[in-house]
Amino acid sequence: MKTPTTTAPTTTTRTTSRAVAPGLGRALLTATAIGLSLGLAACGPTGSAAPGPSESGAADPTAGAAADPGGSETGDAAAEASDAAPLVWEDGWVKAAEEGMTGAFGTLRNPTDSDLRITGAESAAAGSAELHETASDDGGSTMMQEKEGGFLVPAGGSLSLEPGGDHVMLMDLQEPILSGDEVTITLLTDGGEVETTVVAKEFTGAQEEYVQDHGH
């Protein structure tokens, strides 16, 4: 008669071995999941990138400069424009001369609603420049002399500079002014400086005497 207990311990041992393996697997998976969760929680705030200026809403200090890169240049241009006097020298010309002195003529126009006074003149072509007028002496002779107080161009009006009348006198010419030459003259006014280039041409009239006995 065979004994049935011989196989029982072996069967029990195998069954126990099979039951333990899944339990250990679940325990390992659980431990791993917990470890990963702790690791992510620990590194989350530290590893997150700092927000840029646009994300955080902070103002960009260069935004204003970028918006108007030429602000100062625009202001300078406006200041220069305001310094320029609103005076126009139309049909300007200068009498050709070999030496000594000569006169510049034309029409000065003031398009504004305020009177404009011309107080002086300058030119690289002459050692000096003056504003002259025609005057008569006691004997009836016509003389040229410096205009006291300068020229006044009325608001919305004009002033004619012509031989035998008011004109800009260029004195001590630095070199001959020949017909066709261009001469730059700067008028000094109470509203700023006005620079104009006039053309030289021959003219034989208006041989009045100057108060210092110089013809022009």
Side-chain angles (χ1 to χ4, degrees), residues 76-179 181-216:
D76 293 342
E80 291 176 3
S82 64
D83 289 341
L87 180 71
V88 180
W89 190 341
E90 298 178 344
D91 302 323
W93 62 281
V94 60
K95 179 181 175 181
E98 293 285 341
E99 59 182 6
M101 60 183 68
T102 189
F105 314 96
T107 300
L108 301 178
R109 192 172 303 281
N110 176 10
T112 73
D113 56 2
S114 298
D115 294 345
L116 188 64
R117 184 172 296 278
I118 302 171
T119 58
E122 298 175 347
S123 177
S128 63
E130 296 179 353
L131 307 179
H132 282 193
E133 65 177 348
T134 300
S136 300
D137 60 14
D138 295 337
S141 298
T142 302
M143 307 290 290
M144 292 294 170
Q145 63 185 18
E146 188 171 5
K147 176 91 168 181
E148 184 176 356
F151 299 151
L152 181 65
V153 186
S158 62
L159 174 68
S160 295
L161 304 180
E162 55 189 6
D166 293 340
H167 61 280
V168 177
M169 189 75 172
L170 303 181
M171 310 171 71
D172 188 19
L173 297 180
Q174 303 300 293
E175 59 184 11
I177 296 178
L178 306 179
S179 180
D181 288 350
E182 293 185 341
V183 178
T184 299
I185 301 174
T186 300
L187 297 180
L188 311 179
T189 80
D190 54 8
E193 297 183 357
V194 179
E195 183 177 284
T196 304
T197 299
V198 298
V199 179
K201 67 179 184 179
E202 297 290 343
F203 184 78
T204 56
Q207 299 293 327
E208 297 87 358
E209 294 295 319
Y210 181 52
V211 291
Q212 294 181 352
D213 295 327
H214 294 290
H216 68 286

Hey, what's the ring geometry for H167 with H132, parallel, tilted or perpendicular (30° and 60° as the breaks)?
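Taking H132 first and then H167, their aromatic rings stand perpendicular (interplane angle over 60°).
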I'd like to check [X] versus [Y] (side-chain heavy atoms, cut-off strictly below 4.5 Å). Are they in contact?
X    : Y    : result
V168 : L131 : yes
V183 : T102 : no
Q174 : D172 : yes
I177 : E98  : no
L152 : R117 : yes
F203 : W93  : yes
I185 : T196 : no
M144 : T134 : yes

Donor-acceptor pair, [X] side chain versus [Y] backbone, under 3.5 Å?
X    : Y    : answer
D115 : A155 : yes
W89  : R109 : no
T119 : G150 : no

Going from CD on Q145 to CD on E130, what distance comes out if it is rounded to the nearest 0.5 angstrom?
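Spacing of CD (Q145) from CD (E130) equals 11.0 Å.
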Nearest-0.5 Å distance, CD of residue E146 to CD of residue E133:
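With rounding to 0.5 Å, CD (E146) is 9.5 Å from CD (E133).
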Evaluation steps, side-chain contact (heavy atoms from CB on, under 4.5 Å), between I118 and L87
CA-CA 10 Å; I118 302 171; L87 180 71; 3.9 Å; yes
Got more than 12 heavy atoms from elsewhere within 6.0 Å of CD, E148?
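No, CD of E148 has 12 or fewer neighbouring heavy atoms, counting only those of other groups under 6.0 Å.
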Please report the closest heavy-atom contact between [X] and [Y], naming both atoms and the distance.
X    : Y    : result
E195 : T184 : CG-CG2, 3.4 Å
P154 : S158 : CD-O, 4.0 Å
A104 : L161 : O-CB, 4.2 Å
A96  : S179 : CB-N, 3.8 Å
T112 : N110 : OG1-OD1, 2.8 Å
K95  : F105 : CB-CE1, 4.3 Å

Under the criterion side-chain contact (heavy atoms from CB on, under 4.5 Å), I'd like the reasoning laid out for L187 against F151: C-alpha separation, chi angles, the key distance, then a yes or no.
CA-CA 10 Å; L187 297 180; F151 299 151; over 6 Å; no
